[in-house]
Amino acid sequence: MSQTDFSLSLEQLTGFDVGDPEDPENAPTPLVQNILRSWKKPLCQLTDCEIGDLIIQHDGYPHVLDLVWPKLQANPLFEGGHYPGDVLSLLIRAEPEIWDDRPDYQAELGTLYQRALKRPADENDTFRETLNLPSSGAAVN
């Protein structure tokens, strides 16, 4: 597995020019504009929300996985701009092929999932809801 140079942009890492994010024909919606802007920034300068948007769009892999993984290891409920655990929830539900270049990350998903579930209810309830799990305070029948 190669390690991503976070001082480079996704455009530089992939060699793919995504075009002008200000051109309405190239970027017809604010989300697309934001994604294209993210592709032009060095990865080390991306905000948590920009990282979250790339994950939501399943874009920039495997480089974005390299960027977000240490954040998830430090806090499995890392928030990509929407709710605590949004990034982990999306990755748990992602298509298996996103892990083709990073099988070690896929192997660690279960551990991150368990750590997230052990967090206090007020921190992980939305995460649990997105995975259709009962709230941590729910009675077990």
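Scope of the values below: all heavy atoms of this structure, side chains included, with no hydrogens, waters or symmetry mates. Positions are given from 1, in the same order as the sequence printed here.
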Closest contact, heavy atoms only, [X] versus [Y]:
X    : Y    : result
R102 : T4   : NH2-OG1, 4.0 Å
F78  : I51  : CE2-CG2, 4.4 Å
T130 : S89  : OG1-OG, 2.7 Å
P21  : Q33  : O-CG, 3.1 Å
K118 : N124 : N-ND2, 4.4 Å
P76  : R119 : CD-NH1, 3.9 Å

[Y] side chain reached by [X] side chain, heavy atoms, under 4.5 Å:
X    : Y    : result
D5   : Q12  : no
L91  : L65  : yes
L109 : L88  : yes
L13  : L43  : yes
T126 : H82  : no
F127 : L117 : yes

Between W99, Y61, W69, which is the residue that forms a ring-ring contact (aromatic ring centres under 6.0 Å, His included) with Y105?
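Single ring-ring contact (aromatic ring centres under 6.0 Å, His included) partner of Y105 among W99, Y61, W69: W69.
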Restricting to side-chain contact (heavy atoms from CB on, under 4.5 Å), what partner residues turn up for L90, sequence neighbours left out?
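I55, I56, R93.
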Could I get the full list of side-chain contact (heavy atoms from CB on, under 4.5 Å) partners for D59, not counting sequence neighbours?
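Residues passing side-chain contact (heavy atoms from CB on, under 4.5 Å) with D59: I35, W39, L54, Q57.
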All salt bridge (Lys or Arg N to Asp or Glu O under 4.0 Å) counterparts of E97, not counting sequence neighbours
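In terms of salt bridge (Lys or Arg N to Asp or Glu O under 4.0 Å), with neighbours along the sequence ignored, E97 is linked to no residue.
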Decide yes or no on side chain to side chain contact (heavy atoms under 4.5 Å, CB included) for D48 and K71, but give the supporting numbers first.
CA-CA 10 Å; D48 292 349; K71 295 175 184 293; 4.0 Å; yes
One pair to check against side chain to side chain contact (heavy atoms under 4.5 Å, CB included): F6 and D66. What are the steps and the verdict?
CA-CA 9 Å; F6 299 139; D66 290 340; 4.0 Å; yes
[atom1]-[atom2] distance between [X] and [Y], expressed to the nearest 0.5 angstrom:
X    : Y    : atom1 : atom2 : value
D100 : E95  : CG    : CD    : 11.5 Å
N132 : E129 : CG    : CD    : 9.5 Å
L8   : K41  : CG    : NZ    : 15.0 Å

Counting N and O atoms only, with roles assigned by atom type, does the side chain of N26 sit under 3.5 Å from a partner on the main chain of V18, one being a donor and the other an acceptor?
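Yes, because the side chain of N26 sits within donor-acceptor range (under 3.5 Å) of the backbone of V18.
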Go through the steps to decide whether K40 and D17 satisfy the test side chain to side chain contact (heavy atoms under 4.5 Å, CB included), and finish with yes or no.
CA-CA 9 Å; K40 294 183 175 293; D17 180 355; 3.7 Å; yes
Would you say L46 and L31 are hydrophobically clustered, going by side-chain heavy atoms of ILVMFWY under 4.5 Å?
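Shared cluster, yes.
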The test is side chain to side chain donor-acceptor pair (under 3.5 Å); show your working for E50 and Q45 and say whether it passes.
CA-CA 10 Å; E50 289 168 327; Q45 294 179 11; over 6 Å; no
